[in-house]
Structures are given as structure tokens and as C-alpha cells.
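Owing to the predicted nature of the structure, the values given are computational and were not obtained by experimental measurement.
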Amino acid sequence: MVLFVFKLAPLPPQWSNEAELMYEASRVARGLPLYTDPIRGVIDDGPLPIRHYVLYGPLAPWLFSLVGEGHRLLITRYVSVAAWFIGVPAVAWRAKGDARTTALIVAVAYAGLFLIARDVVFFTLTPLPVLAATFGLARVVRRGRLDAVASALFVLAWALKPLVMGIAFGVGVFTLLDRETALKTRAIAIAVLTAILAGAVALLMLSTGGGWLVHLRASTDNGMLPQRWLHYTYEYFPVLGLPHLAVAAWLLKAKEARTKAAAWALLSSTVWAIFAMGKRGANAGYFMEPCAALVVALAYGMPDATASAANAKARLLAKIGNAAVLLAPALSLAQSFAMMREYAAKDAARDWETLRRVHDACESAAPGASIRAGLPTMEFPLSGRVTLSPWQQVLLVNAGHFPLETMIADLDRPELGCLVHTRSLEGDPPEEIGPRGELTAFDVLFDVKLREPIRTRFEEFAVIEGQHLFRRKSMPAKAR
């Protein structure tokens, strides 16, 4: 899997959030304001108004802005791969004896799950905050208590990506409930964590002029659907969820404080991931945090539990568990084989060449005009911008939080000369919500909300490697 993800690393942006993160870093690097009003729009990066909602916060874009533009995507992918495939297993490596063996088996097995590894290389940011939370949890478990350093690591993880909060919440619950720790010590620990968190929130709000929370909610609050949970339970739960809950329940029976801390962190992060899997747009990458918590729990919490149940039955169950977890990558590969084969066939040079051909065709059809694509993964490498996030924007339009008329008016701007879309606009539009509770396509905004306005203003003039190109109807034919 490591070889596979390194093969994919040179590809152009593959997911919308990856392109959006790169664009946010680009704005910071060029001295442009990161937070703007998407409804009013801002023309500070080309002729088209920017209506982009910042994904997670200012910290990650600022860090990525320190990397040179030409190497930013590749370097961030390599850092993400190192955090997941080296950083988390390194925590297991520091354990001793049988605990280290078991923890390493689990770390490598879950690192090798295809759907998680895919999230690692197609930069979702998740491995970096997960690694920070993992280091914080390992410190708590080894010391048997929460301290300022661990608190700072938990808040850092949350500030990078607020979704990574399950471990921190579980440690907080453990700190409140642990009767073996003096009440004064528990109060100080919670006060320190609260103070650091409050300081981080205040800093985020002040540094963004109050825009952080507004943008965070708009870009991540996708709503929950019951059919998403049914889909998750069918495809993921036996490998991602059930083993985590079983180990957490086992470790909760132990008496040692460090084992209880690991158990609560594992339980909390797993329950949080299961809950989040019901969100539109959820994916297996949400389970990076509980998988890392499982590694820490087995590395540092297992000795106490096995000591209290050192009998033939317990040893047999441990061997069965070790053998079973080795099957996880095989199950993932079998389930995801078609998808993995599709990615394996991708050629970075060919994909970049396709982008160049699309750009040249648009330039020929509409010289000097701006390009807008249905996906940020196309728009960012074509124009260096992400004017809006179609998949997220359609949810805001549906909820009445974003005026569709504004985006229709953008189509009338004379600066917009070329549209790039993953399919033709002929025929009936696809269903907006699929049977599994997902939007049927990430470019559903073009297909459903803007299909007719686009058809009245633009015409298809070329198809390049599956990408459909449209120009204004009033423009002369120059490229077919």
C-alpha cells in the first residue's frame, strides 16, 4: 500500500477538499485574505468573484503556504503519508514485549486498509491532526493523567481539523471520572485543557474577524441521513467500528488508570466516528482517529488487562484477534479491488497532459477569458483558483443559505468564457440524492441547479478525455 500511494502522489488533485486546501494555502502565500464573504463575493484573484468557504480553519493553510507553490501538493501528500504510515506505527514501536507486537500488527493492518490509505495520499489533512492527538493520548496513557502538553496536542489536532476531537473528549471523560486521581488534580487538568481550548477558539475568531465559525459550519455541516448509517453498517462496521468497540469494552474492565484512559479515548473516538459516518460526504478516513487510538490502547493498555486475565482462554482469544486483524487489509482489498484497479491505472503524466489540453482548448475557444469547472479538482489546476465548491454550495442553496440567483448572475459575466464539466448536459439530470444518502455526483450543482441556465448560455464544443468543454453561444467556433 505504501508503494501504491507513492505511485498516486504525483497525480493532479483528486478530491474537492484537496484542491480547496491547496487554493487556501495559495491565497495565504500570495498575501490575499483567506476569509471573505462568499455571498457578496470578492474579485481579488482574477475577474470572477470568489465565493469559496474556507474548509477547516486558518492554521492548515498557513502551514502549507510555507511550502513552495510548485511542490505544495506533492509535499503535503508525502507529509500525510509519513504521518500515517510512520508516525502512528512509531507510537506502537515504543511499547514493550507482546504489547508492541500486537500494537504493530494492528497499526500496519489498519494503515493498509485501501479506503483509509486513499484518504491519506489524496490529501484530506486528517493524518496530521490524528498524529497530534495520538501523541497526546500516548502521553496521557503512559503517565496515567492529563497534563498541559497533552492538552496542547489535543487542541492542536482540533484546530487543524475540528472533526478530530473524539480522543480528546474521551480523555476528558476519563479525567472527570477517575476516582484514583485527586479531585484537585482532576480540576487543574480540566481547567488547563479548557483554557487552552478557549484560547484557541478566541485566536481563531480574532484572526478571522469572526469568520472562522461561519465558514466552518457552511463548509462542513452537510446534514445527516439515516440511509448513510445503513450503508456504513453494511460496508464498514465489521472492520471499522466493531473491533474498536470490543477492545474498548474489554479495557474498560481494567483497574489501572492508564488503561482506563486508553479505553475511554478509544470508545469516544469510535462512537464519534460512527456518528459522523451518517453525515453526507463521510468516508472511511473518519476512522483514522479510532484506529490510532486502538494502537495506543493495545500498546500501553493491554499489559494491565492481560495480567488480570492471564489464562489459556485469554491467550487463545488474543491469538484469534491477532489473526483476525491480519485479514482486514485482505477484506479491504477484496471489497475495493475495482476502485483500487481504477486508481492503479492512472498515469500522472497523462492526467497533467489532459489538463494542459483542456486549458489550451478553452484558451483557443475564448482567448483571455476565465475558466470555471464543475469540480475544484479541475478548476484549481486549470486556473489556480477555486471560485466556489459546487458539492457544498448545492447544500447551502437547498437550505436557503445561499442565493442561487447569485451563481446564475455569475454565468452572465462576460469574463467567463469556458466551462468544464464531467458530462454532457443533454438528457435528464441525475437524481440529486442517491439510494445510499449521497449526492449522486460532486458536480451535482452543475447538473441539477445550474443545468438549464448553462444550457441557455453555453454550448458544448469539445470533449477531451471525458471532460466536456462549453463556450458561450455567441462565440465563434475555434476548437472542435
Side-chain angles (χ1 to χ4, degrees), residues 56-57 59 88 91 125-179 181 185-202 204 213 216-217 220-221 224 229 240-241 243-252 254 257-279 282 285-298 300-301:
Y56 305 121
L59 181 56
V88 174
V91 175
L125 179 62
T126 309
L128 303 186
V130 165
L131 185 60
T134 303
F135 285 164
L137 177 60
R139 184 179 178 90
V140 170
V141 174
R142 286 197 300 265
R143 292 170 173 254
R145 59 183 176 82
L146 175 67
D147 62 9
V149 174
S151 298
L153 287 169
F154 292 144
V155 173
L156 172 63
W158 172 85
L160 282 168
K161 190 169 184 176
L163 181 72
V164 181
M165 57 183 289
I167 288 177
F169 185 81
V171 170
V173 171
F174 155 74
T175 302
L176 287 172
L177 299 180
D178 182 30
R179 296 180 180 179
T181 303
T185 303
R186 280 186 280 166
I188 292 174
I190 291 296
V192 169
L193 177 60
T194 303
I196 297 175
L197 180 60
V201 171
L204 288 170
L213 188 58
L216 180 67
R217 291 186 60 184
T220 60
D221 184 12
M224 312 289 283
W229 270 303
L240 295 174
H244 302 71
L245 293 176
V247 174
W250 174 41
L251 294 179
L252 278 172
R258 64 176 187 171
T259 307
K260 288 183 179 179
W264 276 109
L266 177 57
L267 177 64
S268 174
S269 60
T270 303
V271 171
W272 173 241
I274 291 173
F275 171 77
M277 286 298 287
K279 183 167 75 79
Y286 286 13
F287 266 89
M288 288 184 199
E289 187 181 17
C291 286
L294 179 60
V295 171
V296 175
L298 294 177
Y300 304 108

Looking at [atom1] of [X] and [atom2] of [Y], how far apart are the two atoms once the value is rounded to the nearest 0.5 Å?
X    : Y    : atom1 : atom2 : result
I188 : L193 : CD1   : CG    : 14.0 Å
L204 : L59  : CG    : CG    : 7.5 Å
M277 : L240 : CE    : CG    : 7.5 Å
Y56  : K161 : OH    : NZ    : 3.5 Å
L146 : T175 : CG    : OG1   : 4.5 Å
L160 : L125 : CG    : CG    : 6.0 Å

**OP:** Hey, could you give me each pair passing side chain to side chain donor-acceptor pair (under 3.5 Å) that has a residue in residues 190-202? Not counting sequence neighbours.
**Re:**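 Non-adjacent pairs meeting side chain to side chain donor-acceptor pair (under 3.5 Å): zero.
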
Original post:
Among pairs that include at least one residue of residues 147-156, which meet side chain to side chain donor-acceptor pair (under 3.5 Å), considering only residues two or more places apart or in two chains?
Top reply: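 Counting only pairs at least two positions apart or across chains, the side chain to side chain donor-acceptor pair (under 3.5 Å) contacts touching residues 147-156 are R139-D147.
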
Show the nearest heavy-atom pair for residues [X] and [Y], with the distance to one decimal.
X    : Y    : result
F169 : S268 : CD2-OG, 3.4 Å
A200 : V155 : CB-CG1, 3.5 Å
W158 : V201 : CH2-CG2, 3.5 Å
F275 : M224 : O-CE, 3.0 Å
Y300 : R142 : OH-NH1, 3.5 Å
L137 : A265 : CD1-CB, 3.5 Å

Original post:
Who are the side chain to side chain contact (heavy atoms under 4.5 Å, CB included) partners of L245, not counting sequence neighbours?
Top reply: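 L245 satisfies side chain to side chain contact (heavy atoms under 4.5 Å, CB included) with F237, L267, T270, V271, I274 only.
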
Subject >> Sequence-distant partners of A152, side chain to side chain contact (heavy atoms under 4.5 Å, CB included), two or more places apart >> reply: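 Once residues adjacent in sequence are excluded, the partners of A152 under the side chain to side chain contact (heavy atoms under 4.5 Å, CB included) criterion are I196.
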
**OP:** Say whether, by atom type as modelled, one donor and one acceptor occur between the side chain of W272 and the main chain of L163 under 3.5 angstrom.
**Re:**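 Yes: the side chain of W272 pairs with the backbone of L163.
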
Original post:
Between S269 (side chain) and L266 (backbone), is there a donor-acceptor pair under 3.5 Å?
Top reply: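 Side chain of S269 to backbone of L266: a pair is present.
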
**OP:** For W264, check ring-ring contact (aromatic ring centres under 6.0 Å, His included) against everything at least two apart and list the hits.
**Re:**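 Result, ring-ring contact (aromatic ring centres under 6.0 Å, His included) vs W264: none returned.
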
What side-chain donor-acceptor pairs closer than 3.5 Å can you find for residues 287-297, not counting sequence neighbours?
unit_1	atom_1	unit_2	atom_2	d
E289	OE1	G166	N	3.3
E289	OE2	G166	N	3.1
E289	OE2	I167	N	2.8

